[in-house]
Amino acid sequence: MVKWFIFGKPLHTGAVTAVDVKESDRELLKNYLEWEETDGGLCFSCRMKKKDAVYGLGENVRGINKRGWIYESNCSDDPFHREDKRSLYGAHNFIILAGEDRQFGLFIDHAGKLVFDIGYTETDRLAVTAPDRDVSLYVLEGESLTDIVGGLRRLTGRSYIPPKWAFGYGQSRWSYMTADEVRRVAKEHRERGIPLDSIYLDIDYMERYKDFTVNGDSFPGFGKFVEEMRGQGIHLVPIIDAGVKIEEGYDVYEEGVAGNYFCKTQDGRNFTAGVWPGRVHFPDMLKEEARKWFGGKYKVLLDEGIEGFWNDMNEPAIFYSEEHLQEVWEQMEDYRGKNLDINSFFALKDLITGISNNEGDYQRFYHEYEGETIRHDKVHNLFGFYMTRAAGEAFDRLCPDKRILMYSRSSYIGMHRYGGIWMGDNLSWWSHILLNIRMLPSLNMCGFLYTGADLGGFGADVTEDMLLRWLEFGIFTPLMRNHSAMGTRRQEVYRFGDTEAFRRIIGLRYGLLPYIYSEYMKAALGDNMYAKPLSFLYPGDERAKEVEDQLMIGESIMVAPVYEQNKTGRYVYLPETMKMIRFRSLTDREEQVLPAGDHYVKIPLDEVVVFLRPDHILPIAEKGGQNVEEVDFENLTLLHFTQTQSEYEYYHDDGYTKDYDNPAHRTMLRAGC
Ligand code: GLC
C-alpha cells in the first residue's frame with residue numbers, strides 16, 4: 001500500500017519505476033506526518049513514542065536503529081569517517097518508523113540534501129527537512145516491516161543481479177602497478193589453495209589515470225592478459241572514475257568536448273575539477289546523449305574480455321576546482337608573514353582542508369536534465385546513480401543476455417536496479433567492522449542487495465586477527481572483497497602467518513555459496529531482503545529489537561560476528577531455540593542445540609559459528625572449489641534442525657544468463673523425518 005504526496009514541482013529523479021501510483025489527497029498525509037515551511041524549505045515531522053524504532057537510511061553511520069542522531073543525505077567522500085559523521089557515499093532517503101502502535105515507511109524522492117533529525121534535537125521527534133519546497137514523498141504501509149521494504153522495491157524496481165562468479169572472493173589493492181604484480185597475486189593464492197575469483201584493477205592500470213585506457217607499458221597485451229587470468233579462473237575487474245582527463249589527443253576527452261557532453265559552468269565553459277589525473281571534466285551523466293556516449297565507452301574494455309567494473313569517485317569527489325583553488329591562493333597570501341594565533345591559524349587550516357569536496361564547488365557547475373539547466377547541488381545525489389545507469393544501460397545494449405558485474409561508490413535509491421555498491425572507503429578499525437555489519441541490513445532495506453565492505457579495511461594498517469574477523473563476517477556478504485589503500489600494510493591474506501586459517505575461512509564461503517546465492521536470488525526476485533535485523537523476523541521480541549550486532553542471513557540462519565580484538569567468544573542472543581553449527585572448515589563441523597535466551601559462545605579466531613532456525617535447512621556444497629565454477633551446486637549436504645520435515649526452496653541457475661524467472665530454477669529440498 002503506497003500513498004504518493006507531491007509538494008510544489010519536484011524534479012523527476014528516475015528512482016520510481018511503478019506506473020500505477022496515483023497522487024493521494026494531501027489530507028491523508030496528516031495521518032502520518034505534519035509539515036511546515038521552513039526557511040526556504042519544507043519540514044515533515046511526527047512524534048515518536050519511547051519504544052519506536054527507526055530503520056533505514058542505507059549507507060550511513062551508527063546503528064541499525066537510527067534513533068538518536070541527525071543524518072544527512074548528501075553523497076560525500078570521507079575515507080576517515082567517524083560516528084559523528086552525518087552522511088557517507090550514498091543518499092538513501094528511506095526510513096521505516098516501527099512504532100508501538102503503527103508502522104510505515106517513508107521514501108522522500110528528492111535529489112538535493114535532506115536532513116533526517118531522528119530524535120537529535122528533540123528526543124521524541126522525527127523531522128525530515130528538504131532544502132526547497134519541491135518534494136515528492138511516498139508513504140508505504142504493510143503487514144510487516146519486510147512487507148514495507150517490498151513496497152519500496154515494487155515502487156522503485158528489482159534489485160540488480162550480478163553474475164555468479166561475483167559471489168566468489170575478490171582481491172583488490174590500490175597499487176597493483178603491473179600485470180606481473182597481478183600475476184603474482186593470483187599465483188600466491190593458487191599455490192596455497194586459497195580460492196579466488198577476481199582481482200581488481202585500481203587506477204594504476206590506466207594510462208595517466210585516463211578512463212577507458214590501459215597502460216601499455218605496465219599492462220602490455222591487455223586482452224591476452226585478461227584471457228590468461230580467465231584461464232586460471234580469475235576475472236579482472238577494472239575501476240572507472242567519474243572525471244575525464246583533459247588531454248589533447250585523448251579520444252574520450254576530445255569526443256566529450258565535441259559532443260558537448262561535459263558539465264558546464266554558468267557561463268557555458270566546460271567545468272574543470274581536479275581529481276587523480278589532475279584536471280578533468282565531468283561527463284553530464286544526467287544528460288541522455290552524454291550518458292549514452294559515456295556508457296558506450298565501457299565497450300573498449302568489454303571488447304578486451306572484461307566482464308565487470310567498479311565505478312568510483314562519483315559523488316563526484318572533487319580534490320579542487322580551478323576557481324576555488326585560485327581563491328585559496330589569494331587568501332593564503334593574507335596569512336603570509338603574520339603571527340598566526342588561535343583564530344587565524346585555524347582559519348588557515350580550515351581554508352586548506354576545505355579545498356576538497358567543497359560545498360561551494362558543487363554550486364559551480366550545471367547539468368542539462370530533461371530540457372532544463374540545473375545547478376549541480378540540486379541534483380548532487382543523482383550523479384553516481386546516473387553514472388552507473390550509463391553503464392547499466394550500455395551493458396543492456398551491448399550484451400543483453402549476459403550479466404556484467406557493476407558496483408558503484410556513490411548511489412541513490414533507483415541505482416539499485418543497475419548495480420550494487422561497496423560500502424565506501426573505511427579504515428582498518430574494529431569499530432568499522434561493526435559499522436559495516438549494521439550497514440548491511442540498512443542497505444538491503446533500500447534495495448542495495450549486492451554489497452559488502454572493503455574487508456580488512458581500506459585505510460590504515462590491518463592486523464592478522466582483524467582481517468580474519470572481518471572475513472568471517474565477509475563470507476556472508478554478497479560482495480566479498482579484500483581491498484586496501486596504497487601505502488597501507490599489505491593486506492592479501494597470504495602475507496600473514498596463519499595462511500591455513502584464511503584458506504579454511506575463505507573456503508567455507510565457497511561451501512556456503514549454494515545457500516548464499518539461492519538466498520540472494522530469492523531476495524532479489526521476491527523484492528525481499530537478504531540480510532535482516534532480528535526485529536524484522538521476531539517483531540514481538542523486545543530483546544531482539546535491541547540487537548545491533550547479529551543478523552539474519554537469508555531465511556535459515558543467524559550470524560553473530562566477533563568484531564573486537566583479543567576476544568575468543570561473545571554473548572549471543574537467541575530469539576528462539578536454534579542449532580549452533582560450528583565450522584572449523586566446510587567438512588569439520590560440530591552441532592549443538594541451544595535454547596532461546598542469552599549464551600556466551602566461544603568463537604576462536606579461526607572458526608565460524610552460525611545459528612540455524614528450527615524447521616529450516618542450510619544447504620551447503622559437498623565440494624567447494626578454487627573458484628565459483630568449481631563449486632558443486634547440485635550435490636548438497638542439507639544441514640537441518642527439524643522436528644518434523646522441513647522444506648527449503650532452492651534457487652539454482654547458470655548464474656550468467658538472465659532467465660531469472662524460469663520456474664525450473666527453483667526446486668524444493670526436504671530434510672527431516
Ligand atoms: C577511492 C576509492 C578506493 C580506491 C581509490 C583509488 O578512494 O574509494 O576504493 O582504491 O579511490 O582509486
Side-chain angles (χ1 to χ4, degrees), residues 59 75-81 85 87-91 170-178 181-182 185 198-215 218-219 236-245 273-278 280 282 301 308-320 355-357 383-384 387-388 405-411 415 419-429 432 435-436 439 443 448 450-462 470 474 477 479-492:
E59 185 181 42
C75 297
S76 325
D77 169 25
D78 182 356
F80 303 104
H81 50 271
K85 204 45 206 178
S87 57
L88 295 173
Y89 298 86
Q171 177 55 50
S172 182
R173 179 170 173 88
W174 167 17
S175 72
Y176 291 150
M177 305 307 286
T178 63
E181 197 172 343
V182 172
V185 172
S198 46
I199 299 182
Y200 285 76
L201 301 181
D202 207 315
I203 47 175
D204 314 290
Y205 79 90
M206 297 181 199
E207 184 189 275
R208 294 190 293 285
Y209 310 119
K210 293 186 295 189
D211 277 342
F212 311 113
T213 68
V214 175
N215 186 325
S218 42
F219 288 84
L236 295 180
V237 185
I239 196 170
I240 302 294
D241 279 310
V244 169
K245 184 174 198 293
V275 200
W276 306 117
V280 301
F282 291 127
L301 292 159
F309 301 87
W310 43 314
N311 278 348
D312 192 21
M313 305 299 273
N314 50 4
E315 292 69 34
I318 298 181
F319 292 170
Y320 60 86
I355 292 176
S356 294
N357 303 320
F383 194 88
M387 177 182 178
T388 302
L405 171 62
M406 162 52 62
Y407 59 87
S408 168
R409 191 169 76 172
S410 182
S411 57
M415 203 210 85
I421 57 172
W422 84 99
M423 294 173 179
D425 292 350
N426 56 8
L427 287 150
S428 300
W429 286 352
H432 275 188
L435 176 64
N436 292 151
M439 261 182 202
L443 280 168
F448 294 93
Y450 189 74
T451 187
D454 284 351
L455 300 172
F458 174 69
D461 292 332
V462 76
W470 219 320
T477 60
L479 164 64
M480 184 189 182
R481 178 180 77 145
N482 176 338
H483 181 48
S484 54
M486 181 166 68
T488 59
R489 181 180 187 180
R490 292 269 161 180
Q491 199 168 288
E492 297 84 5

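Start at 1 and go down the list; that is how both ligands and their atoms are numbered.
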Identify, by atom number and element, the atoms of ligand 1 in contact range of Trp310, meaning under 4.0 Å from any of its heavy atoms. 9 (O)

Of Asp202, Val275, Asp77, the residue with the heavy atom nearest atom 4 (C) of ligand 1 is Asp202

Which is it for Asp425 and Arg409 under the salt bridge (charged side-chain N to carboxylate O under 4.0 Å, His left out) test, yes or no, and what are the steps along the way? CA-CA 9 Å; Asp425 292 350; Arg409 191 169 76 172; 3.5 Å; yes

So, Glu59 side chain and Gly90 main chain: donor-acceptor pair closer than 3.5 Å or not? yes

Inspect the surroundings of CZ in Phe212 and state if more than 12 heavy atoms from other residues, nucleotides or ligands are less than 6.0 Å away. yes

Which segment of Arg409 sits under 4.0 Å of ligand 1 when only heavy atoms are counted: side chain

Which atom pair, heavy atoms only, marks the closest approach of Tyr407 to Leu405? CD2-CD1, 3.8 Å

Below 3.5 Å, N or O to N or O, backbone or side chain included: is there any such pair between Asp425 and ligand 1? yes

Where on Asp454 is there a heavy atom closer than 4.0 Å to ligand 1, on the side chain, on the backbone, on both, or on neither? neither

Flag His483 as yes when one of its N or O atoms lies below 3.5 Å from any N or O atom of ligand 1, and as no otherwise. yes

Counting only N and O atoms by type, is there a donor-acceptor contact under 3.5 Å from the side chain of His432 to the main-chain atoms of Trp429? no

Ile239 heavy atoms within 4.0 Å reach ligand 1 at atoms 12 (O)

Please output the side-chain donor-acceptor pairs of residues 450-460 that fall under 3.5 Å, not counting sequence neighbours, one pair per line with the distance.
residue, atom, partner, partner atom, Å
Tyr450, OH, Ala166, O, 2.5
Thr451, OG1, Ile421, O, 2.9
Asp454, OD1, Arg481, NH2, 3.0

Nearest protein heavy atom to atom 2 (C) of ligand 1, by residue and atom, and its distance? Asp312 OD2, 2.9 Å

